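Shown next, in structure tokens, is the structure this report addresses.
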Amino acid sequence: MINPGSTSTKLAYYEGDEERFCETQRYEAQEIAAYGGVAAQEDFRLGEVRRFLEAKGLEARDLDAVVARGGLLKPIPGGTYRVNGAILAELREARRGSHASNLGAPLAARIAEDAGGVPSFIVDPVVVDELMPQARPSGMPEIERISILHALNQKAVARRAAKEIGKDYGEALLVVAHLGGGISVGAHRRGAIVDVNNALDGDGPFSPERAGSLPAGELVKLCFSGRYTHDELRRKMV
């Protein structure tokens, strides 16, 4: 399992349902910033994954499949998706935005190649969209709320919490908060995340790497102040 985050890569090796090895590789912010963008980190993080396998005495050819966190694709329901050329092209070109999760599918595909062409998958990508209709309107008709969240962790935690209280996830009503470089707070209703803040694009709590919701009037003034370009303001927000 390969789970790239903004300042870390989480790796795990499973035999059946049993986790045999798990490791979190953490990076200094300046180390990541030196690459100048998410896409440029692919080879660096690939080397880290290969070193993990080597350190654990594992060989890629022994793998039956490779699974990763999914990135900024078009909105899709939660679930497991096989990595293909279209997914890789969309993520590497960052057509829908740049984020560390975009590296998941490319890394999985390259380790799968090392393993002799075994299948690779992404699970519950950040663009999982299961919003109920009432959660989509914002206060302006020109702007619709969208679902971008830490779906992989949210779903995993929700299933674990449901199990601990003796319920099936498909029956439970839960609120789940992911606290990391970004923060997402999701309402889970019977197996679907029916409402959540857009954890990437200026909605919800501020966090170590997100400005979060801002006073709209002051943000408009800043946009037209002439002090920043569009890209500079985006970087200040994320």
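Residues take their numbers from the sequence shown, with the count starting at 1. Model, not experiment: these values are computed from the prediction.
- Atom CD of E54 is surrounded by 12 or fewer heavy atoms from other residues, nucleotides or ligands within 6.0 Å.
- Looking only at side-chain heavy atoms (C-beta outward), L200 and L72 come within less than 4.5 Å of each other.
- Once rounded to the nearest 0.5 Å, the distance linking OH of Y13 with CG of L58 reads 5.5 Å.
- When the side chains of ILVMFWY residues are joined at heavy-atom separations under 4.5 Å, either directly or via intervening members, V196 and Y169 end up in a single hydrophobic cluster.
- Heavy atoms from other residues, nucleotides or ligands lying under 6.0 Å from CG of D231 number more than 12.
- Across all their heavy atoms, P137 and P133 have their closest contact at CD-O, 3.3 Å.
- The number of heavy atoms from other shown groups lying within 6.0 Å of NZ (K167) does not exceed 12.
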Which is it for E209 and T7 under the side chain to side chain contact (heavy atoms under 4.5 Å, CB included) test, yes or no, and what are the steps along the way? CA-CA 10 Å; E209 294 198 346; T7 57; 3.7 Å; yes

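- Hydrophobic clustering keeps Y27 apart from F52 (ILVMFWY residues linked when any side-chain heavy atoms are closer than 4.5 Å, directly or through intermediates).
- I76 and L131 fall into different hydrophobic clusters, where Ile, Leu, Val, Met, Phe, Trp and Tyr side chains are chained together by heavy-atom contacts under 4.5 Å.
- Once rounded to the nearest 0.5 Å, the distance linking CG of L53 with CG of L63 reads 6.0 Å.
- Not one N or O on the side chain of E15 forms a donor-acceptor pair closer than 3.5 Å with the backbone of R20.
- For the pair D124 and N153, the minimum side-chain heavy-atom distance is 4.5 Å or more.
- Using a 4.0 Å cut-off between charged nitrogen and carboxylate oxygen, E164 and R160 count as a salt-bridge pair.
- A heavy-atom distance below 4.5 Å is found between the side chains of L91 and P106.
- Judged purely by atom type and a 3.5 angstrom limit, Q154 has no side-chain atom pairing as donor or acceptor with the backbone of I193.
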Would L222 and R227 satisfy side chain to side chain contact (heavy atoms under 4.5 Å, CB included), going step by step from the backbone distance to the final call? CA-CA 8 Å; L222 203 59; R227 295 166 56 192; 3.8 Å; yes

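- In terms of heavy-atom proximity, E130 sits nearest to G191 at OE1-O, 4.1 Å.
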Might you work through the side chain to side chain contact (heavy atoms under 4.5 Å, CB included) test for L173 and H188, ending with a clear yes or no? CA-CA 6 Å; L173 305 177; H188 295 240; over 6 Å; no

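- R210 places no side-chain N or O within 3.5 Å of a backbone atom of I183 that could act as its donor or acceptor partner.
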So K155 and L149, side chain to side chain contact (heavy atoms under 4.5 Å, CB included) or not? Walk me through it. CA-CA 11 Å; K155 291 268 189 178; L149 71 153; over 6 Å; no

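- Contact check on D201 versus R234 returns a salt bridge, with a Lys/Arg side-chain nitrogen under 4.0 Å from an Asp/Glu carboxylate oxygen.
- Distance check, rounded to the nearest 0.5 Å: CZ of R96 to CG of L73 gives 7.5 Å.
- Both V49 and V38 are assigned to one and the same hydrophobic cluster, defined by single-linkage of ILVMFWY side chains at heavy-atom distances under 4.5 Å.
- At a threshold of 4.5 Å between non-hydrogen side-chain atoms, the residues R51 and Q25 do not count as touching.
- More than 12 heavy atoms of other residues, nucleotides or ligands lie within 6.0 Å of CZ in R92, so this atom counts as buried by the packing criterion.
- Using modelled atom types, no side-chain atom of N102 and backbone atom of E93 make a donor-acceptor pair closer than 3.5 Å.
- Here the OG-CG distance, from S147 to D203, works out to 10.5 Å after rounding to the nearest 0.5 Å.
- For the pair N3 (side chain) and G5 (backbone), a donor-acceptor distance under 3.5 Å is absent.
- Atom CD of E42 and atom CG of L107 lie 6.0 Å apart (nearest 0.5 Å).
- A salt bridge does not link R45 with E48: none of the charged nitrogens is closer than 4.0 Å to a carboxylate oxygen.
- For D114 against A60, the heavy-atom pair with the smallest separation is CB-CB, 3.6 Å.
- Pairs engaging residues 196-238 under the ring-ring contact (aromatic ring centres under 6.0 Å, His included) rule: none recorded [sequence neighbours left out].
- Using a 4.0 Å cut-off between charged nitrogen and carboxylate oxygen, R110 and D43 count as a salt-bridge pair.
- Linking ILVMFWY residues whenever their side-chain heavy atoms come closer than 4.5 Å, directly or via other members, leaves V126 and M1 in distinct clusters.
- Distance alone, capped at 3.5 Å, places no donor-acceptor pair between the S6 side chain and the G181 backbone.
- Shown here for G180 and S207, the closest heavy-atom pair between the two residues is O-CB, 4.2 Å.
- H150 is linked by a ring-ring contact (aromatic ring centres under 6.0 Å, His included) to H178, counting only residues two or more places apart in sequence or in another chain.
- Residues A109 and S120 share a closest heavy-atom pair of CA-OG, 3.8 Å.
- Around the CZ atom of R50, the shell of radius 6.0 Å holds more than 12 heavy atoms that belong to other residues, nucleotides or ligands.
- In terms of modelled atom types and a separation under 3.5 Å, the side chain of R69 and the main chain of P4 share a donor-acceptor contact.
- The nearest pair of heavy atoms linking V176 to A158 is CG2-CB, 4.1 Å.
- The distance from the CG atom of L233 to the CG atom of L219 is 7.0 Å, given to the nearest 0.5 Å.
- By the 4.5 Å heavy-atom criterion applied to side chains, I2 and L11 are counted as neighbours.
- Put simply, the side chain of N198 reaches to within 4.5 Å of the side chain of I146, judged on heavy atoms.
- Within the 3.5 Å criterion, the main-chain N or O of A135 finds a donor-acceptor partner in the side chain of R145.
- A distance-only check finds a donor-acceptor pair linking the side chain of S213 to the backbone of G204 [under 3.5 Å].
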